[in-house]
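A quick write-up on the structure given underneath.
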There are 2 protein chains.
Amino acid sequence: MAAANDQQDIKREKILEASHQRFLHYGYSKTTMNEIAGDLSMSKALLYYYFPDKSQLYIAVMRKLATDYLKTLENRLNSFTNLKEAFTFQVNTHHEFIVNNYNFFDFFRLNEQNLPEAIWEIVGEVRGAELGLLSNAIKTEVEKGAIKPVENPDEIVDVLMDALHGIRVGSISQKKTNFPRKEHLEEIHTKKLLLLDIFIKGLTA
Amino acid sequence: MAAANDQQDIKREKILEASHQRFLHYGYSKTTMNEIAGDLSMSKALLYYYFPDKSQLYIAVMRKLATDYLKTLENRLNSFTNLKEAFTFQVNTHHEFIVNNYNFFDFFRLNEQNLPEAIWEIVGEVRGAELGLLSNAIKTEVEKGAIKPVENPDEIVDVLMDALHGIRVGSISQKKTNFPRKEHLEEIHTKKLLLLDIFIKGLTA
DNA sequence: TTCCTGACTTTTTTAACAAAACTATCAAAA
DNA sequence: TTTTGATAGTTTTGTTAAAAAAGTCAGGAA
């Protein structure tokens, strides 16, 4: 029985990998179940044996990405030498994550509103986890006596994350496309580091 | 000739006022030229005598709003006692402006992309003006010796304005609707003030 | 019993087109 | 010069049919 489940799990993994590649290169709407099945040399019907529907499949891929991302963060945010290093690592990791999976998120660019509820649950979970990790980093520093006490770390981190999220590019053509263009990600990253620098100073001042 | 132009200008003003009301209450797409004409008891054709088309009319209203907004800012940002007061006034004024004209901007919510170029020009001008005013505030404080020198005020203000703009609401349902809902504006405002507080500290630390 | 498929049904997307609503124009009147 | 009714032109909306993709199922293979 364990073996059977192992086999199942392996196949599910294969499906998730193939789906990830398709979604990553062509986006959600330009990927068909037939194509994914084709990549794996299996019938479309089999995909439905493993996953209830297309959106669930996408969500499963996204959940995996989110888990890996958070694992990376956790590993490092358990041991850091100072607050700035911790926050910088978060910003850098996030940047890398977006760059590597840019096209995967075309789902967000196109569907704008009315995405499946499960998507927002994942987004919420990730944000909650990030918030917790960063908030803990602050608490740790306070306990160590490295920085002066902070009244409400969660609130502070919440605001910081919003602020970082808000960083856009193009001072002149300020057209706020909901999702930043890929060619702007580097500039945005730089600006985020600048904001972070000032914010940390303000926090530890 | 002066009289004739005065008359024209007065009528143009009347049209702008009526249009403003319509746009404010029903938004751009739900306002028809017939309705505006009806409000003024004039024919639709006459509107086209004063304004080339509907979008130009909207833009004219927007330009007026922008001018008034900037005038308010300029008045106060020429005389302030400290940096925090200046920045806080900007945030408060902006908040008030958005609250008062919330529905007017439904144009932005709906059209998302591909707005008339002229709209973005105004947005750019306003942002540029705000940036200049706040940047000058910093320079003034530096000259007064009230705060320590700042290497690049424009860059700092640019990042701050992005950050403020990015403040959203709803930690759980983080659905990033491009434009904040009206019922969230107050909470957003509060969060902005918190961000501002930390940012200023970081700047003057 | 678990895994898998081809054939089938249902749903969604796309394209074409007509009707309706609205924008924009213009000759002529005030 | 200012104003309008009539009308031309364009965009939006609604309808329908065909095509494409999602999703189902009875039954076969392991």
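Chain letters run A, B, ... following the sequence lines, proteins first and then strands; every chain starts at 1. Small disclaimer: the values here were computed from a predicted structure and weren't measured.
- Nucleotide dT23(C) holds its C1' atom 16 Å from the CZ atom of Phe51(B), rounded to whole Å.
- As a whole-Å value, the separation of Asn34(B) CG from dA20(C) P is 18 Å.
- Residues Lys44(B) and Met33(A) both approach DNA chain D. Their nearest nucleotides, taken by heavy-atom distance, put Lys44(B) toward the 5′ side.
- Regarding contacts with the backbone of dT3(D), a side-chain N or O of Tyr50(B) is found under 4.0 angstrom from either OP1 or OP2.
- The distance from atom CG of Leu47(A) to atom P of dT24(D) is 13 Å, rounded to the nearest whole Å.
- Listed pair Tyr49(B) / dT2(D) meets the phosphate criterion, a side-chain N or O lying under 4.0 Å from OP1 or OP2.
- Counting to the nearest Å, the P atom of dA21(D) and the CG atom of Asp53(A) are 18 Å from each other.
- Rounding to whole angstrom units, CZ of residue Arg12(A) and P of dT2(C) are separated by 15 Å.
- Put simply, OG1 on Thr93(B) and CD1 on Ile98(B) are 11.5 Å apart, with the number rounded to the nearest 0.5 Å.
- Toward the 5' end of DNA chain D, the nearer of the two residues Lys30(B) and Leu46(B), judged by each one's closest nucleotide, is Leu46(B).
- Using a 4.0 Å heavy-atom distance criterion, Ser55(A) is classed as making no nucleic acid contact.
- The structure places OH of Tyr102(A) at 8.0 Å from CZ of Arg181(A), a figure rounded to the nearest 0.5 Å.
- Annotation: Phe89(B) is not in aromatic contact with Phe80(B) [ring centroid separation under 6.0 Å not met].
- Checking dG6(C), dT25(C), dA24(C) against every side-chain atom of Ala45(A), the shortest atom distance belongs to dG6(C).
- With rounding to whole Å, Asp9(A) atom CG is found 10 Å from dC3(C) atom P.
- Between Lys11(B) and the phosphate of dT3(D), there is a side-chain N or O to OP1/OP2 separation shorter than 4.0 Å.
- At most 12 non-hydrogen atoms from other residues, nucleotides or ligands lie less than 6.0 angstrom from NZ of Lys14(A).
- Residue Thr31(B) is in sugar-phosphate contact alone, with no base atom involved, counting any heavy-atom pair closer than 4.0 Å across all strands shown.
- Between Lys54(B) and Ser41(A), the residue anchored nearer the 5' end of DNA chain C, judged by the nucleotide with its closest heavy atom, is Ser41(A).
- Look at Tyr48(B) and you won't find any side-chain N or O under 4.0 angstrom from OP1 or OP2 of dT25(C).
- Looking at His94(B) and Glu130(B), their side chains never bring a donor and an acceptor atom within 3.5 Å of each other.
- Here Gln8(B) reaches the OP1 or OP2 of dT2(D): one of its side-chain N or O atoms lies under 4.0 Å away.
- Here the P atom of nucleotide dA20(D) and the CD atom of Glu35(A) are 13 Å apart, to the nearest Å.
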